[in-house]
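Written out below as structure tokens is the structure these notes cover.
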Amino acid sequence: VYLTGDIHGELDRFKDGELRRAGKGESRRCAGRFRLVWDGSKAEQKNLDWLRKRPYTILSFDGSHENYDLLGQYPTEERFGGWCSRWAAMCTTLRGSVLELEGKKYLCFGGAESPDKEEREVHVNWWPQEMPSDEEYARCEAALEANGWQVDYVLTHDAPSKFLDFSVLAEGENNRLHLFLDKVV
């Protein structure tokens, strides 16, 4: 299992180190800001084609600064016991999915609030969908309930409010996502 965060559209982490030696059937998880589905350009398609040829499965979940309009165009399917949006050879886990991978249960709940959203342009470089909807919070609670509120790992781009004291995010205010993640913990 290889976990990484904030790819920002760069493929270097997939070309070096452990990922180079990854085998068929293994999975890799990327936490937020994957940003390989951003503008639909030829260069982006080339990167997706390259990733499609990898022998491992890549799972990501969204953070802030994702192109939710493009991501929303991909079909959803059930995989690993949860719901994913499938693009290229990768998939983005839908918020609130509990996935079963390699004998472990992973709650995946993406999303984050951009601290600079006032400086960005809606549906160009900022999307209101970055924060979870009521339906996504409900799906997460239902998935947790179905699993007796027991999972091995919680993967999210953001953090519970009680963990923000240890980060630069402590300067901001708690939002609904932070408080919801407190409940999950």
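Heads up: numbering here begins at 1 and tracks the sequence.
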Approximate separation, where rounding is to 0.5 Å, of Glu121 CD and Trp126 CH2:
12.0 Å
Within-4.5 Å side-chain heavy-atom neighbours: Glu66 and Val37
no
Nearest 0.5 Å, please: how far is OG in Ser64 from CZ in Arg120?
7.5 Å
In the single-linkage hydrophobic clustering (I, L, V, M, F, W, Y; side-chain heavy atoms under 4.5 Å), do Tyr74 and Leu51 co-cluster?
yes
What closest approach, in Å, do Gln150 and Lys105 show between heavy atoms, and which atom pair accounts for it?
O-CD, 4.1 Å
Any donor-acceptor N/O pair, Glu136 side chain to Ser133 backbone, under 3.5 Å:
yes
Verify the cluster assignment for Val184 and Phe109: are they in a single hydrophobic cluster under the rule of side-chain heavy atoms below 4.5 Å apart?
yes
Kindly indicate whether the side chain of Leu155, heavy atoms from C-beta on, has any atom under 4.5 Å from the side chain of Leu59.
no
Heavy-atom closest pair (Arg176 atom, Asp134 atom, distance to 0.1 Å) is NH1-OD1, 2.5 Å
Side chain proximity check, Tyr137 to Leu177, heavy atoms < 4.5 angstrom
yes
Side chain proximity check, His65 to Asp116, heavy atoms < 4.5 angstrom:
yes
Does Lys46 pair with Asp49 as a salt bridge, N-O distance under 4.0 Å?
no
Can a donor-acceptor pair be found, under 3.5 Å and without considering hydrogens, that links the side chain of Glu44 to the backbone of Gly40?
yes
Nearest 0.5 Å please: distance from the CZ atom of Phe180 over to the OG1 atom of Thr156.
10.0 Å
When rounded to the nearest 0.5 angstrom, what distance separates CG in Asp39 from CD in Gln45?
10.0 Å
Between Val98 and Val154, is there a shared hydrophobic cluster once you connect ILVMFWY residues whose side-chain heavy atoms come closer than 4.5 Å?
yes
Distance col, row Phe80:CZ vs Leu99:CG, nearest 0.5 angstrom, shows 7.5 Å
Got a sec, which residues hit ring pair (Phe, Tyr, Trp, His ring centres under 6.0 Å) with Tyr153, two or more places apart in sequence or on another chain?
Tyr106
Looking only at heavy atoms, which two atoms of Glu130 and Gly63 are closest? And how far apart?
CB-O, 4.1 Å
Side chain to side chain contact (heavy atoms under 4.5 Å, CB included) partner of Trp127, chosen from Val122, Leu71, Asn67:
Asn67
For Met131 versus Ala112, what's the shortest heavy-atom pair and its separation?
SD-C, 3.7 Å
Closest heavy-atom contact between Arg95 and Asp62?
NH2-OD2, 2.6 Å
Working to the nearest 0.5 Å, report the span between OG of Ser161 and CG of Leu181.
9.0 Å
Non-hydrogen atoms of Phe61 and His157 that approach each other most closely:
CE1-N, 3.4 Å
